[in-house]
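Contents: one structure, followed by commentary.
None of these values were measured; they are calculated from a predicted model.
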Amino acid sequence: MSQQFLPDNPLPQEAKVPEEIARFSPAVEAEIDGHLAKYPPERRRSAMLPLMFIVQRERGWLDKPGVAYIANRLGVRITDVWETATFYSMIYTKPAGKYHVQICKTLSCKIMGAGNITEHCAQRLGIKPGETSADGKFTLSEVECLGSCGTAPMLQVGFDFHENLTTEKVDEILDACARGDYKFAVKVR
Amino acid sequence: MADLIKVTINGNVYETEKGARLIDVCREHGHAVPSFCYYSDLALQASCRMCLVRIEKMPKLQTSCTITCTDGMIVTTESEEIEKAQRAMVEFLLANHPLDCPVCDRGGECELQEMVFDWGGLEERFSERKNYAPEKFLSPMVANDPQRCILCKRCTRVCDEWMGEDAIEAGGRGAHTVIGTYDGWLNCSECGNCIEVCPTGTLLDATYRHQARPWELAQTITTCTFCSDGCQLSLGARVGEVMRAVARDRYVDGINGEFLCIKGRFAHPFINHEERIRTPLIRYKQGGRLVPATWDDAIGYTAARMRAIGEAHGADAFGIIGSPRLTNEANYALLKFAREVIGTENFTASDAFSLAPCFENLSAPLATHRDIRFAKTIILVGGEPEELQPLTGKQIRQAVRNGGARLVIFNSVPIRLKEQAAQFIHINPGTEDAVVLALAGANDDELAAGKLGVEAKTLADVRRALDETQGDCVLLFGSELSAAAMATLAQLPQLLGAREGRRFLLHPLPFYNNSVGAHDIGLMNAKLSVAQLLDQAGQGLRALYIAGSLLPEHLRGREETLRQLDLIVVQELFETETTALADVVFPAASFAETDGTFTNNAGQVQRVRQSIPPVHQARPDWMITAALASALNADFGFQLSASAVFREIAEHIAAYEGLRYPLLKDESRPVQAKHALAGARDMTGAIQEIRARIQSMNVTSARPTETPKVGHELFKPGTLTSKTPQFPLLYAGNPKPPTVLVSPLYQITVDANLRATTVAAGD
């Protein structure tokens, strides 16, 4: 019984990064250094968002070692990283699927039938918005305006826009993803 | 005096200092402005929108907490427009707040509840479903009910600005923002200040939750019994049981504001603990058991034994040891007992180090905690205030963060305060004396720098900073200094000379709540240290009269010789390693059961007040001493009244001259003892001594490079703190339990093994 009470989580001050991501590959480290170089050393924390995107790209989501890595690189506390990460819907604080399907739910899209699209996706994938499918392939979410009101309704897979949607068009996209031959126009990971 | 400007509030013209905040000025003059998120001396938030006022020539209503007064400002705080806006704000705040006051622990002392009485509507117009989140524990000390949160963010600001820990933060966005922490478990110093400043029932004291309602508690303002800062707190007691300790503004307004550390807030369960010694105990024969006795028997027995020893071996066969944990009254009674009843100078107090060299050479006043907050330059030599004197630590942090002070730290350990330091000078372990040598003058820079393991230029920089200071310069020092170095540091203001616009202040960092008082009373002035006194055991010393317990460092290794003594009398709360050696044990009253005074590290004499009657058969320490004296035919003249003891202290101790309990009544205006300032002394001897000491010193450059864990000192389960069941758990690393919905206390009962091992490990 006493086993589980052994102190295993570090105090915020001494976030230890597990060996595996003490460093990323040289190319990624160089990219991170590039972001850090944009800001004066005492304002390092300004690079938090770019770093989060990079860590997320490399690891799929902001897992514990990832958060600890960012905290150490920026000299901030874990809670600061957590605070920022939870603010943004594009930062995943839980494991996300390979294909993140984000359906715009703001006014223009809503009027043009975003509700139906969401319902259709939810039915096809068997998950509710905010959930990830059991096979880890899909994450479905409803997001605020993505700035493509002229072509509503629309959704985004990764960073790719898919506009003027109909249920058939959605099926095509989801089929491609399910088969595994969906081509990301913008690299996700 | 700063420039005065005129502000018109509700048609009345007031003069105020330039730069004053409007909400403060309004409140000062009796114009009630409601607010939640505004908290004096914290970063501004302006999120609750309750403090709205109308200012002429400004568009829209303004939040008075963010407005700095300007000359000629015309302000209205009460009008139909403002009331309408404020009522709307309360309605919004209640949109997600559950109306469950009858089951909420904050009910009866909740700021939101009070505000709703004044500004709330009769009915709720929101028909939407409220956000819901189950209540949970954030740590063994902090319970959290997220749905009650109104997002004033006082807790996050307090955690960041006061404690420098950033342990609690606001996650999420918009209406779904929650106060919490990464991974849902707080690994911090568990000060509980977030609980204190929370205006609603969102963050609650997990150790007190659901045990009492605030209106059942009798509040007693008293002084904390743990460290030397002397925070003022309010003990809430119900029928002879202390239920909680708080520093909330509505009950108490002391030097610490609403600040307390984990010990002050959570370590009170020792008061009513079942292991308290209940009756006097006598060990009739060597190696026997301590047997309960009546007071009359125990006093009579002790007196008879003392008389016999006195007749056989003379007065100097006795040793009297006071304690820096006891009240001034208790220590004074002991001193009087030693001098007048026994007739010996064999007395001392069981403190870790003596402040006598500092006070004998004191050449500048002691810095109050307020002085530290507004100081311009702060030099910290050794010590670790954030763990050992948390209020001083907080004041230093705020002086830097909110006041722009320049903090210079000399320490061999990278303590947490170094994050705030303008200059953290990492010195070799044990070389603190060399710092004093370097501060005193440039002659020894080469030697000092060499031993410290820093560059000579660094030391010159610090001296220059001292030279250039405009305003207050506070010198703080820890226990590491030798007597000569402490004396030289106390003379530093004289050595550096007066300079226009600069004032030196000193602030020692002793360990115990009444270390300074024990010194003032005269116990620590004695020629003897505790170690020297104990070493006389068997060589002339036949009997010891100990109040409190000996420190482990003094006791360890001397048990056998002490066992040889004819008589050891101990006054204690609990059975300790010291009572294990005792022939007679008297049950003493704790700080919550006695009247008296403590003197803190700023020299402020503060009242200790009786919150509950002494538990079981305990009696205040000074009363026991007086009873023993009267059994030995000496009348102390104070049998029942602590104020009579203090009156006598005021007559005999110069620094306390003229003080009386009524003068110490107001905790918001603490009275500083008048420690005599020594003029310029010739310190060449002391400096020579330091120089010799440093020269002969073998230094190692192996400095600890890791910042010590939060709570490595605070969580140490001592005699008193280990009586709070959560302390051993925290000391074991505060692991996150598998489910945070189960009471942390339950987890502790399950895990009795771990508790036993950690108590043993932490003394």
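Remark: I168(B) CD1 to E83(A) CD distance equals 11.0 Å, nearest 0.5 Å. Atom OH in Y182(B) sits 8.5 Å away from atom OG1 in T93(A) (nearest 0.5 Å).
Contact between W82(A) and V178(B) at its shortest, heavy atoms only, is CH2-O, 4.3 Å.
Heavy-atom neighbours of K130(B) NZ from other residues, nucleotides or ligands within 6.0 Å: above the threshold of 12. In K38(A), the NZ atom is crowded: over 12 heavy atoms of neighbouring residues, nucleotides or ligands sit closer than 6.0 Å.
Under a 3.5 Å cut-off, the side chain of R77(A) and the backbone N or O of E165(B) do form a donor-acceptor pair.
Proximity to chain B (any heavy atom under 4.5 Å) is shown, for T84(A), by neither the backbone nor the side chain.
Contacts of residues 137-144 of chain A with chain B at a heavy-atom distance below 4.5 Å are absent; not one residue qualifies.
Taking chain A as the reference chain and counting heavy-atom pairs below 4.5 Å, the highest number among G174(B), G180(B), G172(B) is found for G172(B).
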Compile the donor-acceptor pairs under 3.5 Å between side chains in residues 153-160 of chain B and protein atoms, sequence neighbours left out, one pair per line.
residue: R154(B); atom: NE; partner: F36(B); partner atom: O; Å: 2.6
residue: R154(B); atom: NH1; partner: E111(B); partner atom: OE2; Å: 3.3
residue: R154(B); atom: NH1; partner: V197(B); partner atom: O; Å: 2.8
residue: R154(B); atom: NH2; partner: F36(B); partner atom: O; Å: 2.6
residue: R154(B); atom: NH2; partner: E111(B); partner atom: OE1; Å: 3.0
residue: T156(B); atom: OG1; partner: K153(B); partner atom: O; Å: 3.1
residue: R157(B); atom: NE; partner: K153(B); partner atom: O; Å: 3.0
residue: R157(B); atom: NH1; partner: C37(B); partner atom: O; Å: 3.3
residue: R157(B); atom: NH1; partner: A43(B); partner atom: O; Å: 2.6
residue: R157(B); atom: NH2; partner: C37(B); partner atom: O; Å: 2.5
residue: R157(B); atom: NH2; partner: C152(B); partner atom: O; Å: 3.0
residue: D160(B); atom: OD1; partner: R401(B); partner atom: NH1; Å: 2.9
residue: D160(B); atom: OD2; partner: R401(B); partner atom: NH2; Å: 3.4

